[in-house]
Amino acid sequence: MAVSSFRSGRLPLFHHPQLPNKAASAACTTRSIGGFKKPNGRFSSNPKCGRALFLFAQYSQSSQAQTQQDRFSSRLQSSLENLPKLLEDIVQTSISTGPRGALRLAQGIQAFVGVGGEWLADVSRSTNEPTGIPSQLQLGLLSPLYLRKLFERMGATYIKLGQITFCQFIASAPTLFPPEYVEEFQKCFDRAPAVPFEDIQAILREELGRPIDSIYEYIDPTPIASASIAQVHGARLKGSQDDVVIKVLKPGIKDILVADLNFIYIAARILEFLNPDFSRASLVGIVKDIRESMLEEVDFNKEATNIESFRRYLEAMGLTRQATAPRVYNYCSTRRVLTMERLYGVPLTDLDSISSLVSSPENSLITALNVWFGSLLACETFHADVHAGNLWLLRDGRIGFLDFGIVGRISPKTWAAMEVFLASIATEEYESMASALIEMGATNQNIDAKAFARDLEKIFSSIQASI
Ligand SMILES: Nc1ncnc2c1ncn2[C@@H]1O[C@H](COP(=O)(O)OP(=O)(O)OP(=O)(O)O)[C@@H](O)[C@H]1O
C-alpha cells in the first residue's frame, strides 16, 4: 500500500504502513499451507496451521524489530543530513531578529514570572479555605484563566495567536474543546493595554507629515478599541465633516512580531527536527504561513488595498445594498495609519441588539455568509479574519465587513482543481480525485498518483461501508 502524505495540515493525513515483505511472504506461506484462520475468525488448531502461525509470528517479530531498527537508522541518517540546514536556519533567523530577540526573551520570562506569581498567590490564598484548592488552580499555568493572562502579558503576537488558534479554531468548533477555554479565550478580542493618546498624536504627526488639525476637525482621545496590533480612535475630517476612525499601528509592534514569530519558527524547526512526526502535520509550514500573514497585517497600505478590492467586488456584483466595507481616505493613510469611514452597527454575534435592528437576524447572517462566499470566487483576495468582532450589522441593515489585515487568495489553478475534486467525489473517479488533490498542493511532491488514487478509493469505500 502506498504512503500518501498531505502537506500543510490542509487535509487529513493518510498514512498506511507497508506490510513488511518478509511478513507478507510468511503470511502467504501460512495461507498456502492450509490457512490459519477459520471462517468464524478463530485460529485453527490444525498442527500445520499452528506451525505456520509460529513461523509467521517469528517472521513478524524479527521483521518488526528490523523495521524499527531500519526506521531508527533512517531517521538518524536524515537528522544528520538535516542538521547543517537547521543550524544555518537558526543562525540566519537569529541574525535577522537581532538584539530585539534578547529583549523579547527577557519580556517573556518577566510575563511568565508575573503570571506564575499571581497563580502562587491565588493557590496560597485558597489553601486556607475549607473547600481546598479549586480544580481551576490545580492545572497551574495551563488553566484557562492563567493561560489567557500569560498570552495577554506576552503581548501582541500571543494575543493574536490566541485569537487565531483559540478564538477562531476553538470557537468555531466549541463542542470539541472544554467550554472554560472557549469562554476565556473569547476575551482575547480587542483587549490590550491602550497606548497613551500623546504617543498616538506623535505617530500621526510623523506619518502624515503635517499638523493633525489641518486634517481632522477633532480626534476622540479615548480609543474605540485598543486591539493587539492597532489602536482605533473616532475622529471627524476637516472640510467634509465625515465621521471616520483612525487605526494607528502601535509603536514597536513590528519588532515584537518579528522577534516572537522568529522565535516560534525556530522552536517549530527544532521540534520538527527532534520529532519528524511533526512534519506530517506541517508544523513549520503552518508557523511560516502565520508569520507571513501576521507580518502583512502591520502594513496598512496592504489593508487599504484589500478593503478597496473588496469594495470593488461589492460594486461589480451589485451587492452594495447588502454589504459594505469602510471607504479608505488615502490622503490621510500611510503604512502605520489608516483613516477610514466610520461604520455604526453591532457585531453579528450580539443577538439582542441585532433583533432590535432587523426582524430576521438569520437573513442577515445568511447575507453575510453569501457575500463572503462570493468573495472567495470573485474577489482577488478574501477576508480571512472573519470573527465575531469583524462582522457587523449596520444601522441601515447592511452587513459591514471590518479589518482586512489578514486576507487569503485562492488561485484560479486551485479553484479549477477544487471543482474537479468536488466532481470526482460525486462520480467516484479516484484518479481525478488524486490528481486534483496533487494539483491543489495537498500532498508531498513526487507522489505516485495511481497508488494515491487506490488509497483514496480504499478510504472512501471504508467510509461508505461504515455509513
Ligand atoms: N471602520 C470602522 N468603523 C467603526 N469601528 C471600527 C472601524 N474599524 C475598526 N473599528 C473598531 O475597532 C476595532 C478594532 O479594529 P480592527 O479589528 O480593524 O483592529 P485589529 O488591530 O486588526 O484588531 P484585532 O487584533 O482584534 O483583529 C473593531 O473591532 C471595531 O470596534
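The model shown is predicted, which means the values in this text are computed figures rather than measured ones.
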request  = May I ask you to check whether over 12 heavy atoms, not counting those of Gln241, lie within 6.0 Å of atom CD?
outcome  = yes
task = Provide the closest heavy-atom pair for Thr349 versus Ile354 in the form atom of the first, atom of the second, distance.
result = N-CD1, 4.3 Å
ask   = So which of Leu150, Leu145, Leu120 actually passes side chain to side chain contact (heavy atoms under 4.5 Å, CB included) with Val115?
value = Leu150
inquiry  = When you measure from the side chain of Lys254 to the backbone of Asp299, do you find a donor-acceptor pair of N or O atoms at a distance under 3.5 Å?
reply    = no
task = Output all residues satisfying side-chain hydrogen bond (donor to acceptor under 3.5 Å, both in side chains) with Arg269, sequence neighbours left out; order by chain, then residue number.
result = Asp89
ask   = Shortest non-hydrogen contact from Phe404 to Asn306?
value = O-ND2, 3.0 Å
inquiry  = Just checking Lys238: does its NZ atom have more than 12 heavy atoms from other residues, nucleotides or ligands closer to it than 6.0 angstrom?
reply    = yes
request  = With the side chain counted from C-beta on, respond yes when Cys332 and Leu237 share a heavy-atom pair under 4.5 Å apart, and no when they do not.
outcome  = yes
message = Is it true that, when you exclude Tyr218 itself, more than 12 heavy atoms of the residues, nucleotides or ligands shown sit nearer than 6.0 Å to its OH?
response = yes
task = Answer yes or no: is there a side-chain heavy-atom contact under 4.5 Å between Arg148 and Pro144?
result = no
List the atom pairs, donor and acceptor, that lie under 3.5 Å between side-chain atoms in residues 365-372 and the rest of the protein, sequence neighbours left out.
unit_1	atom_1	unit_2	atom_2	d
Thr367	OG1	Asn363	O	2.7
Trp372	NE1	His383	O	2.7

task = Go through Phe300 and Thr334 one step at a time and tell me if the side chain to side chain contact (heavy atoms under 4.5 Å, CB included) criterion holds.
result = CA-CA 7 Å; Phe300 289 162; Thr334 66; over 6 Å; no
request  = Answer yes or no: is there a side-chain heavy-atom contact under 4.5 Å between Phe197 and Ile200?
outcome  = yes
task = With rounding to the nearest 0.5 Å, note down the distance linking CZ in Arg342 to CD1 in Ile246.
result = 11.0 Å
task = Mind checking the NZ-OG spacing from Lys247 to Ser333? Nearest 0.5 Å is all I need.
result = 11.5 Å
request  = With the side chain counted from C-beta on, respond yes when Phe310 and Val407 share a heavy-atom pair under 4.5 Å apart, and no when they do not.
outcome  = no
query = Closest approach of Ser353 and Asp350, non-hydrogen atoms and distance?
reply = OG-OD2, 2.6 Å
May I have the list of side-chain donor-acceptor pairs in residues 315-330 shorter than 3.5 Å, sequence neighbours left out?
unit_1	atom_1	unit_2	atom_2	d
Tyr329	OH	Asp242	OD2	2.8
Asn330	ND2	Glu308	OE2	3.2

remark   = Sorted by chain and residue number, the side chain to side chain contact (heavy atoms under 4.5 Å, CB included) partners of Pro223 (sequence neighbours excluded) come out as Ala194, Gln231, His233
remark   = All heavy atoms of Leu393 vs all of Gly397, minimum pair found to be CD1-O, 3.5 Å
key: For Met440 against Met418, the heavy-atom pair lying closest together   = CE-CA, 4.0 Å
request  = Taking side-chain hydrogen bond (donor to acceptor under 3.5 Å, both in side chains) as the test, write out the residues that go with Asp122, two or more places apart.
outcome  = Arg125, Tyr146
remark   = Rounded to the nearest 0.5 Å, the CD1 atom of Ile290 sits from the CG atom of Leu295 at a distance of 11.5 Å
ask   = Residues two or more places apart in sequence or in another chain: which of them pass side-chain hydrogen bond (donor to acceptor under 3.5 Å, both in side chains) with Ser143?
value = Gln136
key: Test log, rule side chain to side chain contact (heavy atoms under 4.5 Å, CB included), inputs Glu303 and Asp403   = CA-CA 8 Å; Glu303 183 164 349; Asp403 191 6; 3.8 Å; yes
ask   = About how many Å separate CG of Asp243 and CD of Glu217, when rounded to the nearest 0.5 Å?
value = 11.0 Å
query = Under 4.5 Å between any side-chain heavy atoms of Thr339 and Tyr216, yes or no?
reply = yes
Leu204 CG to Ile215 CD1 distance, which is reported to the nearest 0.5 Å = 8.0 Å
Side-chain heavy-atom pair Val248, Val195 within 4.5 angstrom cut-off = no
message = How close do Ala417 and Ala436 get, counting heavy atoms only, and between which atoms?
response = O-CB, 3.4 Å
ask   = Is the shortest heavy-atom distance from the side chain of Leu394 to the side chain of Ile399 under 4.5 Å?
value = no
inquiry  = Counting C-beta onward and ignoring hydrogens, is there a side-chain heavy-atom pair between Phe421 and Ile425 closer than 4.5 Å?
reply    = yes
query = Between Glu431 and Ser435, is a side chain to side chain contact (heavy atoms under 4.5 Å, CB included) present by the stated rule, with each step listed?
reply = CA-CA 6 Å; Glu431 289 198 5; Ser435 54; 6.0 Å; no
